[in-house]
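What follows is a set of notes on a single structure, which appears directly below.
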Amino acid sequence: EANTDDFDHGVDTTSMKTVWAFDTGDNTDATIALDQEGSDALALYTGTTVFSRSRRDGNAVIRRINALTGDEMWSFKVKARYDAGERGGVKASPIIGQGEIGNLVIFTVNLTEEGAAMLALDKRTGEQAWKVPLPEGAVSSPVAVYAPDGRVRVIQADLSGRLHLINGVTGQVIHTLDLGGTVEGSPAVYNDVLVIGTSSRDNNRMYGIRIE
């Protein structure tokens, strides 16, 4: 469990008692993600915003935590700006890679030096595999699309309303599509159709977009 008290908690679902607590150093707004690795290994991935406690050093922190013990396995710091509306740092839920990106976890961090950035990190080591700058900023969660032939594409919306179609292995931007309105919510994918909404005053629509 993650919340805005700056702690992640491991809870025994039988007794509902806290088994462990981990001080993340600042608020956790994005949904934490779990990755089952074998029968006795469960990894937890989480990232912080830059707000009350980290506003001075200006670092969002992405972590891999042993979900059974609460031990930190690695951490990765990303320079991000403080914002009074708590828009800096990790606002989007991560992608836990499968298939040909099964070795990667992908985070989107807002208000970085580039505006925002997508970061693909090695699950085992925390080393950066690729980075995609997003100059307009981004708080929408990315989504992974797994094709029948094994190819993986990642789709990320930025705050200007531009969708980025990205090669999940290399981070290469394959195509962009401008929706012309602010995107803050996260998309959903069903088969080969992506559904996403815009929230600008003059552009507040739902879009169904065919993925090829």
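Sorted by first then second residue, the salt bridge (charged side-chain N to carboxylate O under 4.0 Å, His left out) pairs that include residues 186-203, not counting sequence neighbours, are Asp192-Arg210. Among residue pairs with one or both ends in residues 127-143, those qualifying as side chain to side chain donor-acceptor pair (under 3.5 Å) are Glu114-Lys131, Ser141-Ser186; sequence neighbours excluded.
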Self-check item: Thr49 and Thr28: CA distance, side-chain angles, deciding distance, side chain to side chain contact (heavy atoms under 4.5 Å, CB included) verdict
Solution: CA-CA 6 Å; Thr49 60; Thr28 301; over 6 Å; no

Quiz item: Can you check side chain to side chain contact (heavy atoms under 4.5 Å, CB included) on Val183 and Asp158, steps first, answer last?
Solution: CA-CA 6 Å; Val183 174; Asp158 67 26; over 6 Å; no

Quiz item: Going through the distances and angles, do Leu163 and Leu194 end up as a side chain to side chain contact (heavy atoms under 4.5 Å, CB included)?
Solution: CA-CA 11 Å; Leu163 297 180; Leu194 178 138; 4.3 Å; yes

Exercise. Begin from the C-alpha positions of Lys123 and Glu37 and carry the test side chain to side chain contact (heavy atoms under 4.5 Å, CB included) through to its verdict.
Key: CA-CA 11 Å; Lys123 288 181 181 179; Glu37 300 176 338; 4.2 Å; yes

Practice problem: Evaluate the side-chain hydrogen bond (donor to acceptor under 3.5 Å, both in side chains) criterion for residues Thr182 and Ser199: first the C-alpha distance (whole Å), next the side-chain angles of each, then the deciding distance (0.1 Å), finally the verdict. | Solution: CA-CA 5 Å; Thr182 300; Ser199 58; 5.2 Å; no

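Here the closest heavy-atom approach between residue Leu44 and residue Ala67 is recorded as CB-CB, 4.1 Å. Residues Gly25 and Arg53 share a closest heavy-atom pair of O-CB, 3.1 Å. Nearest heavy atoms, Ala41 versus Gln36: O-NE2, 3.1 Å. Nearest heavy-atom pair, Ser52 versus Asn27, reported as atom, atom and distance to 0.1 Å: OG-OD1, 4.5 Å.
Rounding to the nearest 0.5 Å gives a distance of 8.0 Å between CG of Asn66 and CG of Leu42. Taking CD1 of Ile174 as the start and CD of Glu212 as the end, the distance is 12.5 Å to the nearest 0.5 Å. Considering NZ of Lys91 and CG of Asn110, their distance stands at 8.5 Å, rounded to 0.5 Å. Between the CZ atom of Arg151 and the CG atom of Asn167 there is a distance of 9.5 Å, given to the nearest 0.5 Å. Atoms CG and OG1, on Asn59 and Thr112 in that order, are 12.0 Å from each other to the nearest 0.5 Å. Note that CD1 of Ile62 is 5.0 Å distant from CZ of Phe107, once rounded to the nearest 0.5 Å.
Results of the side-chain contact (heavy atoms from CB on, under 4.5 Å) test with Val189 over Val145, Ile196, Ile209, Val195 single out Val145 as the only residue that passes. Exactly one of Pro142, Ser93, Pro94 qualifies for a side-chain contact (heavy atoms from CB on, under 4.5 Å) with Thr108. That residue is Pro142.
Hydrophobic clustering (side-chain heavy atoms under 4.5 Å, transitive across Ile, Leu, Val, Met, Phe, Trp, Tyr) keeps Val132 apart from Ile155. In the hydrophobic cluster analysis, where Ile, Leu, Val, Met, Phe, Trp and Tyr join through side-chain heavy atoms closer than 4.5 angstrom, Val90 is grouped apart from Val143. Note on Met118 and Val173: same hydrophobic cluster, where clusters join Ile, Leu, Val, Met, Phe, Trp and Tyr whose side-chain heavy atoms are under 4.5 Å apart, directly or indirectly.
Using a cut-off of 4.0 Å between Lys/Arg side-chain N and Asp/Glu carboxylate O, Arg124 and Asp122 are scored as not salt-bridged. Under 4.0 Å is where a charged nitrogen must lie from a carboxylate oxygen, and between Lys79 and Glu113 no such pair does.
Looking only at side-chain heavy atoms (C-beta outward), Thr198 and Tyr207 come within less than 4.5 Å of each other. Within the 4.5 Å cutoff, the side chain of Val50 has no heavy atoms near those of the Arg81 side chain. Contact annotation: the side chain of Tyr45 never approaches that of Leu34 to less than 4.5 Å [non-hydrogen atoms, C-beta and beyond]. Here the side chains of Asn203 and Arg205 are in contact, with some heavy-atom distance below 4.5 Å.
The backbone N or O of Gln98 sits less than 3.5 Å from a side-chain atom of Tyr146, completing a donor-acceptor pair.
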